[in-house]
Amino acid sequence: MPSPAPSRHTPPLAAALALGLGLGLGVTASAQTADATTVARGAYLVHGMGCADCHTPLKMGAQGPEPDLARGLSGHPQGMVLQAPTLPAGSPWMWGGAVTNTAFWGPWGVSYAANLTPDATGLKDWTAEQFVQAMRTGKHAGSGRPLMPPMPWPAFGQLNDADLHAMFSYLMAQPAVPNRVPDYLPPAPVARH
C-alpha cells in the first residue's frame, strides 16, 4: 500500500496514527496495527482525493490563500451564511464559490462543505455505515437530504466498502472542531416574464 503523500493539508502521519490507534486498555497489538493500517489507508484516500480542498476553509497567508489547518476538515465557517449573487437577466447559468472555498452556489442553490471532524457538529453521531451509504446514495447520513454540488459523491461511491470505511476511520481520528455549518439554501424562485 502506498503511503500518503505529504502535503500542507496532511497533519504529520504519526500524529494522525496516534489519534486513530485507540490505545485503551485491553487493545491487542494486532488490533492496534489493524487500526493504524486502516487509518493510514484513510489518510491516503482522504488527502489523495482532495477532501480538504473543500472541507478545510482557506485563510489569507503571507503567500496568498492557504488552508486554515486549525480548522482542518471542519467545513464552511459557522455564521458565514451566504446568498447566491443575482445574475443579470438573460445571462446563462453559472456557479461560483466563496473565498473560503467551502461554499458554492449555482442552479441548485447554495451548498456548504460539511464538518467532517468527529465533533457533535460534524460526524460524531454518524456510523461508518451511514458514511458509506452517504457516498453511495448522495444522501446526508445515507438517508437524509441530497448532497449538493460540487460534492463528488458519485465518484466516491465507486470506492469499495473497505476504502470508504478507512476514510471514515481517518476522519474519526482527527481532532474534533466545533463548527455548525449553515444549512443548505435552495435556489430562489426564478421570475418568469
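Numbers for residues simply follow the sequence, beginning at 1.
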Q. Is the side chain of Gln130 donor-acceptor paired with the backbone N or O of Thr127 at a distance under 3.5 Å, no angle test?
A. yes
Q. Are Leu82 and Tyr112 close enough that some pair of their side-chain heavy atoms sits under 4.5 Å apart?
A. yes
Q.
Side chains of Cys54 and His76, heavy atoms from C-beta outward: is any pair under 4.5 Å?
A. no
Q. Can you name the nearest heavy-atom pair linking Leu123 to Leu116, along with the distance?
A. CD1-O, 3.4 Å
(Q) Does any part of the side chain of Pro107, heavy atoms only, come nearer than 4.5 Å to the side chain of Pro187, both counted from C-beta? (A) no
Q.
For Pro65 versus Leu58, what's the shortest heavy-atom pair and its separation?
A. CB-CD1, 4.2 Å
(Q) Do Val81 and Val110 land in one hydrophobic cluster if side-chain heavy atoms of ILVMFWY residues count as linked below 4.5 Å? (A) yes
(Q) Counting C-beta onward and ignoring hydrogens, is there a side-chain heavy-atom pair between Glu129 and His165 closer than 4.5 Å? (A) yes
Q. How about Val46 and Leu171: do any of their side-chain heavy atoms sit closer than 4.5 Å?
A. yes
Q: Could you label the plane-to-plane angle of the Phe168 and Phe131 rings as parallel, tilted or perpendicular, counting under 30° as parallel and over 60° as perpendicular?
A: tilted
(Q) Please determine whether side chain to side chain contact (heavy atoms under 4.5 Å, CB included) holds for the pair Arg145 and Lys139, giving the CA-CA distance in whole Å, both sets of side-chain angles, and the decisive distance to 0.1 Å. (A) CA-CA 5 Å; Arg145 67 163 176 76; Lys139 304 279 186 188; over 6 Å; no
Q | CG on Leu73 to SG on Cys51, rounded to 0.5 Å | A | 7.5 Å
(Q) Quick check: closest heavy atoms across Met148 and Ser111, and the distance to 0.1 Å? (A) CB-CB, 3.7 Å
Q: May I ask you to decide if the ring planes of Trp126 and His140 are parallel, tilted or perpendicular, using 30° and 60° as cut-offs?
A: perpendicular
Q) Just how far is it from atom CG of Asp68 to atom CE of Met60, taken to the nearest 0.5 Å? A) 12.5 Å
Q) What distance do Asp163 atom CG and Phe156 atom CZ have between them, rounded to the nearest 0.5 Å? A) 11.5 Å
Q) Judged by modelled atom types alone, do Asp119 and Thr117 share a side-chain donor-acceptor pair under 3.5 Å? A) no
Q: Taking atom CZ of Arg136 as the centre, report whether more than 12 heavy atoms of other residues, nucleotides or ligands fall under 6.0 Å from it.
A: yes
**Q.** Heavy atoms from other residues, nucleotides or ligands near CG of Asn160 exceed 12 (cutoff 6.0 Å)
**A.** yes
(Q) side chain to side chain contact (heavy atoms under 4.5 Å, CB included) for Met49 and Leu159? Distances and angles first, verdict last. (A) CA-CA 11 Å; Met49 296 179 82; Leu159 296 173; 3.7 Å; yes
Q: Taking the side chain as every heavy atom from C-beta outward, state whether Met80 and Thr100 have any pair of such atoms under 4.5 Å apart.
A: yes
Q | Within one Ile-Leu-Val-Met-Phe-Trp-Tyr cluster: Phe104 and Tyr184, side-chain cutoff 4.5 Å | A | yes
(Q) Within the structure provided, determine whether Trp108 and Trp95 are in side-chain contact (heavy-atom separation under 4.5 Å). (A) yes
Q: Quick one: closest heavy-atom pair of Ala113 and His55, and the distance?
A: CB-ND1, 3.7 Å
Q. Are any of the side-chain heavy atoms of Val39 and Thr37 separated by less than 4.5 Å?
A. no
Q) If you look at every heavy atom in Arg41 and Ala166, which pair is closest and at what distance? A) CG-CB, 3.9 Å
**Q.** Under 3.5 Å: donor-acceptor pair, side chain of Gln78, backbone of Arg180
**A.** yes
(Q) Ignoring hydrogens and geometry beyond distance, is a side-chain donor-acceptor pair present between Asn115 and Thr121 at under 3.5 Å? (A) yes
Q) Where is the tightest heavy-atom contact between Ala134 and Leu147, given as atom of each residue plus distance? A) O-CD1, 3.7 Å
(Q) Is there a side chain to side chain contact (heavy atoms under 4.5 Å, CB included) between Asn179 and Arg71? Walk through the geometry before answering. (A) CA-CA 9 Å; Asn179 181 47; Arg71 297 189 293 172; 6.0 Å; no
